[in-house]
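The chains referred to below are lettered A, B, ... by the order of the sequence lines, with proteins before strands, and numbering in each begins at 1.
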Number of protein chains: 2
Amino acid sequence: MKKAPTIRDVAAAAGVSVSVVSRVLNPESGPVAPAKREAVLGVINELGYRPRAAARELSVGQALTVGLVVADLANPFFAQLADRIVWEARSHGVQVVVMTTQEDPHLEADSLDTLLDRSVAGVIATPTGANVEKWERLQSMGVNVVFVDRTIAELEDVDVVSIENVDSARRATEHMLSLGHRRIGLITGPVSTSTGQARIHGYRAAHEAFSVSTDPQLIRDVPFRGDGGGDAVGSLLALPDRPTGLIVANTAQVQSSVRRLVQIGVQIPEDLSVIVFDDNPWTELTSPPLSVIRQPIGMLAVHSLELVLGRMHGKLPPAPRTIEVKADFVPRSSCSPLLLTTTR
Amino acid sequence: MKKAPTIRDVAAAAGVSVSVVSRVLNPESGPVAPAKREAVLGVINELGYRPRAAARELSVGQALTVGLVVADLANPFFAQLADRIVWEARSHGVQVVVMTTQEDPHLEADSLDTLLDRSVAGVIATPTGANVEKWERLQSMGVNVVFVDRTIAELEDVDVVSIENVDSARRATEHMLSLGHRRIGLITGPVSTSTGQARIHGYRAAHEAFSVSTDPQLIRDVPFRGDGGGDAVGSLLALPDRPTGLIVANTAQVQSSVRRLVQIGVQIPEDLSVIVFDDNPWTELTSPPLSVIRQPIGMLAVHSLELVLGRMHGKLPPAPRTIEVKADFVPRSSCSPLLLTTTR
DNA sequence: TTGTAAGCGTTATCAA
DNA sequence: TTGATAACGCTTACAA
């Protein structure tokens with residue numbers, strides 16, 4: 001259990017003052033004579049010196065750290081997002097503290113407090129939708145907040161990175177409509193969430209474009225947690241005039257929904273055409289492979305990190321930025337024309 | 001951008017000294033008169049005071065943080081593990097800094113340095129297998145290291161949490177053997193890894209128990225990264241005397257392997273009986289649902305966190321501990337008796 | 001039981 | 001271009 005060398009040890013060994021060493025460490029903070037710089041660098045190397053993050057943080061008042069607040073790392077979408085963000089951050093010398101909320105506002109509030117204690121420079125989050133004042137306080141304390149995937153309508157002045165939710169839902173729905181389907185089930189997130197709203201909006205817009213009326217019974221907004229997807233599938237298929245198409249636009253409920261379809265023994269696409277939101281790695285391993293809306297996770301990660309880092313370095317105009325990236329529709333084999341669908 | 005209150009502000013407002021406030025914050029560090037304690041608590045609440053983590057870290061020399069170093073968060077196994085660890089840590093007031101190595105020793109070394117800078121109290125990791133001296137240095141600096149899932153043979157004095165690898169592979173293999181299969185392919189991790197070795201060991205042990213000789217050609221140790229699983233599948237099935245059973249014991253290569261099976265159009269279990277390591281959420285959504293070895297991820301998470309925290313608080317005997325948890329074999333529909341398998 | 005004051009390892013200010 | 005030295009906010013002897 002040795003003690004690590006400090007900046008003072010380095011200074012002493014190099015025969016200079018601590019300020020010189022500090023300036024070698026942070027070049028933009030001041031000039032250093034080339035000769036001394038070499039000497040210092042040599043000593044640093046020899047001693048294996050590394051600056052203590054805590055000391056720097058205390059002095060600077062801010063940590064080279066961003067908080068990542070996601071709902072559920074076990075969800076492949078968030079997991080991949082986290083993977084990319086962690087990776088990207090590392091290349092900028094920034095560490096990521098990960099928190100999970102499990103969609104619970106209390107845990108979210110807790111997480112934010114903790115991140116505040118750590119004086120993180122920024123937070124990337126998929127907000128639960130609650131804690132509006134908490135988010136505001138966080139911002140007022142100088143923490144840069146970027147929402148990814150979802151946002152909170154009440155909260156202005158916050159950067160947002162998401163896919164084109166309205167458009168994605170519209171395209172998926174139009175695909176079904178153009179195949180002749182007229183009763184299309186939609187399983188989406190809570191209407192209280194930005195994604196839930198936007199995707200319903202897109203679904204409706206598509207119907208309007210095709211001059212088809214929408215049946216409220218076919219729209220199911222279910223919570224992200226729990227088995228709501230499966231239940232919705234069950235009740236949709238139990239409808240007297242059951243849908244011939246199904247769009248699962250709630251990323252967290254895709255698995256639950258598909259599991260139920262498999263359990264019930266629904267033949268896809270003969271009995272039901274299916275499109276799901278988000279290209280989980282397994283969606284092409286089912287039979288048939290599922291047609292999906294593929295979220296460009298890498299883009300989401302890169303942009304959100306770019307935004308926090310940009311704000312951290314004050315290199316961005318103050319106006320909040322909203323970045324919407326396009327999500328691809330990836331047709332596979334889970335949709336077929338209505339004519340070929342079982343006529344009952 | 002307000003400035004947060006400090007311990008001094010609290011002390012002043014409560015009419016006490018900073019040490020009293022500190023003692024209220026850390027009860028075990030000394031006594032406080034009940035009356036003053038209440039007063040301080042009141043002020044803390046009123047001011048919304050929260051101690052700055054960096055200041056405490058600098059003072060005590062250690063952070064209430066553990067580093068989590070995994071190979072790839074995009075892999076559902078690691079993602080779920082991370083989710084549980086983060087969750088569990090939170091309930092102990094500990095934060096988790098996540099790093100990914102992508103199985104690259106350089107990135108791993110980098111990550112360890114960074115964690116050292118942060119003075120983390122402990123590290124939970126799935127080591128690449130390299131960086132032995134780096135791990136040792138980390139320990140010598142007082143950082144508690146716990147390996148989870150895999151370990152490094154050369155490194156003693158380190159806690160390890162894993163499944164019963166030998167036994168799991170043995171049980172999977174015996175299942176196949178008892179179904180009459182005599183040529184069973186094994187796709188596993190590199191022999192340089194503890195899991196790779198152990199699982200091959202279990203595979204061989206099962207064969208011995210059944211007095212069946214093993215064909216080296218059937219054993220494929222492939223890297224965790226890349227498409228080695230798929231390639232191994234391809235070459236195994238191209239063998240003149242091709243296997244009738246396949247065990248994929250490389251968690252990171254399951255997807256690649258199964259994808260290839262699907263691409264080739266192999267009928268499971270008619271053409272090939274299959275067992276894969278790790279119950280990814282989708283393994284029961286394929287057709288047929290796959291028989292799997294299920295790793296008790298929650299147990300792995302709980303134990304590894306328990307170990308780091310235990311060591312952090314010095315509540316554990318110095319001897320390194322090895323915890324092996326049992327992995328369940330979950331039979332589904334991807335294995336059939338040899339007699340029913342296509343006779344060629 | 002309480003208060004004073006000395007660290008902890010950086011950065012930043014300001015003379016020199 | 002350099003070097004003292006004062007923060008930064010907390011913990012912890014040590015005195016009282």
Less than 3.5 Å apart, which donor and acceptor atoms pair up between the side chains of residues 153-160 of chain B and the rest of the protein, not counting sequence neighbours?
unit_1: B/D159; atom_1: OD1; unit_2: B/R311; atom_2: NH2; d: 2.8
unit_1: B/D159; atom_1: OD1; unit_2: B/R321; atom_2: N; d: 2.7
unit_1: B/D159; atom_1: OD2; unit_2: B/R311; atom_2: NE; d: 2.5
unit_1: B/D159; atom_1: OD2; unit_2: B/R311; atom_2: NH2; d: 3.3

Pair up each side-chain donor or acceptor in residues 23-44 of chain A with any protein partner under 3.5 Å, not counting sequence neighbours, and list the distances.
unit_1: A/N26; atom_1: OD1; unit_2: A/R56; atom_2: NH2; d: 3.4
unit_1: A/S29; atom_1: OG; unit_2: A/N26; atom_2: O; d: 2.7

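Between the CZ atom of B/R56 and the C1' atom of C/dG9 there is a distance of 18 Å, rounded to whole Å. Atom-to-atom, CG of B/N26 to P of D/dC10 comes out at 11 Å; the value is rounded to the nearest Å. Atom C1' of nucleotide C/dG9 and atom CG of A/L25 are separated by 12 Å, given to the nearest angstrom. For the pair B/Q62 CD and D/dC10 C1', the computed distance is 16 Å after rounding to whole Å. For A/K3 and C/dG9, the NZ to P distance is 11 Å, given to the nearest whole Å. The distance between atom CD of A/E57 and atom P of D/dG9, rounded to the nearest whole Å, is 13 Å. Between the P atom of C/dG9 and the CZ atom of B/R118 lies a distance of 16 Å, rounded to the nearest Å.
Judged purely by distance below 3.5 Å, without hydrogens or angles, the side chains of A/T100 and B/R90 never pair a donor atom with an acceptor atom. For the residue pair B/Q62/B/S119, the side-chain donor-acceptor check at 3.5 Å is not satisfied.
Scanning for side chain to side chain donor-acceptor pair (under 3.5 Å) contacts around B/T6 gives an empty result, with sequence neighbours left out. In this structure A/A89 satisfies the side-chain contact (heavy atoms from CB on, under 4.5 Å) test together with A/V94, A/V96, A/L305, sequence neighbours excluded. Taking the side-chain contact (heavy atoms from CB on, under 4.5 Å) definition, one finds that B/V18 meets it with B/I7, B/R8, B/A11, sequence neighbours left out. Residues passing the side chain to side chain donor-acceptor pair (under 3.5 Å) test with B/D9: none are found, sequence neighbours excluded. Evaluation of the side-chain contact (heavy atoms from CB on, under 4.5 Å) rule for B/A55 yields A/L58, B/R52 as partners, not counting sequence neighbours.
The list of ring pair (Phe, Tyr, Trp, His ring centres under 6.0 Å) pairs with a residue in residues 115-141 of chain A, not counting sequence neighbours, reads A/W135-A/F147. Each salt bridge (Lys or Arg N to Asp or Glu O under 4.0 Å) pair with one or both residues in residues 66-78 of chain B, not counting sequence neighbours, appears once here: B/D72-B/R225.
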All N/O pairs under 3.5 Å across the protein-nucleotides 14-16 of chain D interface:
none

So which protein nitrogen or oxygen atoms get under 3.5 Å of nucleotides 5-8 of chain C's nitrogens or oxygens?
unit_1: C/dG7; atom_1: N2; unit_2: B/S59; atom_2: OG; d: 3.1

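The phosphate of D/dT11 (OP1 or OP2) has a side-chain N or O of B/S22 nearer than 4.0 angstrom.
No engagement by A/R37 is indicated, since no non-hydrogen atom pair under 4.0 Å with the nucleic acid exists.
Side-chain proximity of A/V32 to the nucleotides C/dT10, D/dC10, D/dT2 is greatest for D/dT2. Residue B/I7 has its side chain nearest to D/dC10 when only D/dG3, D/dT1, D/dC10 are considered. Nearest to the side-chain atoms of A/S29 among the listed nucleotides C/dA12, D/dT12, D/dG3 stands C/dA12.
Under the 4.0 Å criterion applied to side-chain N and carboxylate O atoms, A/K315 and A/E306 are not assigned as salt-bridge partners.
When the C1' atoms of four end pairs are superposed on the next four at each end of the helix from C/dT1-D/dA16 to C/dA16-D/dT1, using five pairs per end, the two resulting axes differ in direction by 40°, to 10°.
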